[in-house]
Every structure is written in structure tokens, then in C-alpha cells.
There are 2 protein chains.
Amino acid sequence: MQNSGPAPSPGDLPPRGRGRPRAFDRDAALTQAMHLFWRKGFAATSISELTAAMGIGSPSLYAAFGSKEGLYAEALRHYREQYEARVWGNFTGAPTARAAVEALLMDTAAALTEVCAPDEPRGCMVTLSAVGSEGHTELGECVRAARARGFEAVAERLSRAAAEGELSASADIPALARYVMTVQGGLSLQTRDGASRPELEAVAQLAMAGWDARVGG
Amino acid sequence: MQNSGPAPSPGDLPPRGRGRPRAFDRDAALTQAMHLFWRKGFAATSISELTAAMGIGSPSLYAAFGSKEGLYAEALRHYREQYEARVWGNFTGAPTARAAVEALLMDTAAALTEVCAPDEPRGCMVTLSAVGSEGHTELGECVRAARARGFEAVAERLSRAAAEGELSASADIPALARYVMTVQGGLSLQTRDGASRPELEAVAQLAMAGWDARVGG
DNA sequence: CCATTTCTGTGTCGTTCGATACAGAAAGAG
DNA sequence: CTCTTTCTGTATCGAACGACACAGAAATGG
């Protein structure tokens, strides 16, 4: 279908096409789809619900996103682009591993309870997604890979801390990283069940007490 | 439909009826349904998948369980009856609050990675259930209530410990209980993503280090 | 102006969904 | 045996599902 002859636009970067222009805001529609998938999950969200929330007809949806799976994949990417920095922004630049982990957990507590839109669901879309268990292997790999990236980021930061002497060489870095990710994921579960920001922050502080006890803060 | 005239059987306790006997094992069929709901969730599991796994026709399913929601509710009850004791059994009789919490987390790590059947899903069915977000409010209340019971059990045990002097009177019991439940829920997320029993136990031990640091173990 | 390209709205495709009607089979009650 | 009751298997219901055909509308290129 596409790429017949030399493509005038090598990618999607210049959206200035030739035919009738799109009548809806692609990003705004994607945001609405993201909210629906986020709240109800993949299987429980129907195309008619999506088109109603996005304010478009189903042919426009399929022309713009390809399929329901494609729309979910884009909604997931949209979610990560929009929220990942709020959780990992201070982690990256923190001077010590301990400060990085504390920033991660505290920023997670803040981001999970921050209301950016009135109909935003509670809990992280990546952490709570069950799309992999619903039979859609490819989408499941997307969310699992996103979750694995978090673990890797923490483990790499701890390895650096071990090399720099902040952590003892005998520290069990994978176990520490998994502990941090366990608490971070648990915060999403607590948020889904109605926990408030101070409650989440108290959990994060208790988790840091565990860090100090084991690592020696 | 039912209860026309004085019921000869006041409940479902005597299954000895009058007509043609049921040709399938109700509990075995319920176990199969539980596995499917557990693995794929409510919305992504269809009646035809259920009847195929249970080895019965759809009229038998509806006669025995009423509806898809009713079947899920019974599967959830079946799950709790079968697995709750493995997680909370040692918690109840532990001599101290610390021992109770440690038993809870260590037994959770063990139960989550114990393979009782070859096709058992990974992670706790209650913790990972998203049925409440899929639009089924009543079932959502069931799983949320089950999760809340865990928090209450820990909080009550900690209150007793405070009354007995094990915990200082200034201890923030709800925060401690929420911390424990956060880690416990996080263990289910880790299990779903492939963590092993030793890995979960290492997380549990790190969480107990946090307990000791804050409570003074 | 016209040709080409792309998007929109209506309508609908075939499938699958959850849920039953119905007739026959298998048990107890008399 | 006959009557009643309950379960089983076939066959199917209306509704909703994901996805698309088609014609018309709205833009650019010449």
C-alpha cells in the first residue's frame, strides 16, 4: 500500500500531506484513548467506546492507528512520554544511589496521586497493565519490557554506586534493585485502592529505612 | 423461580436432589474456571473458553453458576478458600507482630512461587485482579474488600502489639501496615514478571530490615 | 479548472459475545 | 410403570464486537 515509488516524505515527520487534512487532533484523541485503556484495560475497552471518547468515526481510527492493538501501543508510548520523566527525572541526576532511590520512590508517590486530568485513572498504566495475560503477546512484551527497564535503571545505578564505593562490594545489587521495584510497584496497587499521597510517602520513607538498615545509610 | 412453597432443603448443603444428577464435578469445573479468570481476567475470558476448559455445555454453566459474574464470584471465593491459609496461616499464630509480618511476607513468597498445578498463573488473583476497573462494580467490590481485609488484619495485629508493649505507642500503625501490604502486593507483581522464590524471599528480608530499622527489632 | 490524494460519515460485513429455548435423558417419588 | 424434577446437548437468539467498503468532501498540484 505505502511506499510505492520514491516516498516524498521519508517518515511521518512532515505531516503536511496533499489530500484532505485530518479533522481531529491526533494527540488529543490519543490522550483520550490512553485514558480509556489505562482505566479499563485492553480487552474491556471497545472500539465504540474509543471512537466516542476520541470524537471520531471508526474509519478515522483505523486510518490513523491501524488497529486496536496499534492504538494501544501508541497510547502506551504516549503514556510513557508524558509520565516517565515525572518519576525518573530526579533519579537520573541524584548524587548518590540512596538519593536516587529516595527520589524515585517519593516522586512515584507524588506522580501517582497528582491529578492532571479530572478523569485520570489511579495507578501506573504500565505496572497495572494485564494486556500480556489477556492473550496479546506482543503488547504484553511492550509493558513487560517497560517494567524491566525500571529494574535495569536501578540496578545500573547501584552498580555505579558499588564501583564508587558508596555501596559495599558485597551488596546484593539485584536484590536491592528488586526490593526498590517491588515497593514502587506496590505503590501503584495502593494508589489503585485509594491511598493518598502522604500515605504513599510514608510507605516510601519506611522503604528507605529498610535501605539504610541493609546498606548503611 | 426458586423457593415456591416450603423449601425441602433450606440451603445448598444437601446436594441430594430429585431430578437427573449433575454429570460433572462442580468443584473441579470451578477450579478450571478459576484458573482461566486468574490468568486472563474477567473481560478477556469468554464463555466458550470457560465451557471448553470446564468440559461442560453453556446451559450447564448457567444452571450451576447463574451468570459469568456469578461464576467469577464463586471462582474468587474458591481461590481464597484454597490459598488464603497458605499466606495467613502462620501470621495468625505468630508470637510477635514482627514474627507475624515476617511469616506473612515469607509465606507469600513461598505461596506465589509454589506450583500446585501445571497451568497455574503467576501472581495473586486478588491482588492482580482488575475486574473493578472493567466496569463490574460488584465484583470489583469483592476483590477490593478482600484486599482491605489483609490491611485490616495487619493493622489489628500491630495494634495488639502496641497494647502489649512490643511496639512503641508512637508507632504509626496504619503506615506500617500499609508498608507491609505494599511489599506484599509488590511481590505479586514481581512474580507475574517472572521472579523466583529466592528472589522474592530476598525482597521480603529487605523489607523486614526496614521494619527493624523503624520499629527497633 | 481538473486530476489526485487523503480524510470523513454512513452503513454494514462476518464473527463472537453472553445467555436461552427446546427436546431428550436420567434420576427419585408414588 | 408413570409422574415429576433436574440436568445435558443442540441449536440459536439478539446484541455487540473489530474492521472495513464505499461514496462524498476537502485539501494540494498542475
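So you know, we letter chains A, B, ... as the sequences are listed, proteins then strands, and number each from 1.
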A:R20 CZ to C:dA3 C1', straight-line distance once rounded to whole Å: 18 Å
Sugar-phosphate only, base, or nothing, as touched by B:F65 at under 4.0 Å among non-hydrogen atoms: nothing
Nearest-angstrom distance from the residue atom CG of A:L71 to P of D:dC20: 14 Å
Sugar-phosphate only, base, or nothing, as touched by B:A63 at under 4.0 Å among non-hydrogen atoms: nothing
Whole-Å gap separating P (D:dG18) and CD1 (A:I56): 14 Å
Under-4.0 Å side-chain N/O to phosphate OP1/OP2 contact, B:S60 with D:dC7: no
Donor/acceptor link under 3.5 angstrom from B:R18 side chain onto base of C:dA29: no
Toward the 5' end of DNA chain C, by each residue's nearest nucleotide, A:S58 or A:L61: A:L61
Closest heavy-atom pair and its distance - B:A204, B:M106: CB-SD, 3.8 Å
For atom CZ of A:F37 and atom P of D:dG18, their distance in whole Å: 9 Å
A:C124 to A:W38 - nearest heavy-atom pair and separation: C-NE1, 4.0 Å
Distance, rounded to the nearest Å, where B:F42 contributes CZ and C:dC17 contributes P: 13 Å
Min side-chain heavy-atom separation A:V87-A:Q184 under 4.5 Å: yes
Earlier contact from the 5' end, DNA chain C, for B:P21 and B:E69: B:E69
Between C:dG9 (P) and A:M54 (CE): distance, integer Å: 13 Å
Residue-phosphate contact under 4.0 Å: A:S48 side-chain N/O, D:dC17 OP1/OP2: yes
Qualifying residue, where the test is side chain to side chain contact (heavy atoms under 4.5 Å, CB included) with B:M208 and the options are B:V101, B:V180, B:V183: B:V101
Presence of A:Y62 side-chain N/O under 4.0 Å of D:dC20 phosphate oxygens OP1/OP2: no
Whole-Å gap separating C1' (D:dC17) and CD1 (B:I47): 15 Å
A:S46 side-chain N/O to D:dC17 phosphate OP1/OP2 under 4.0 Å: yes
Residue whose nearest DNA chain D nucleotide is more 5′ - B:R22 or B:P59: B:R22
Touch class at under 4.0 angstrom, heavy-atom based, for A:T51 against every strand present: nothing
Over-ring placement of A:R22 relative to A:F24, 6.0 Å and 45° cut-offs: yes
Length of the line joining B:L50:CG and C:dA19:P, which is rounded to integer Å: 11 Å
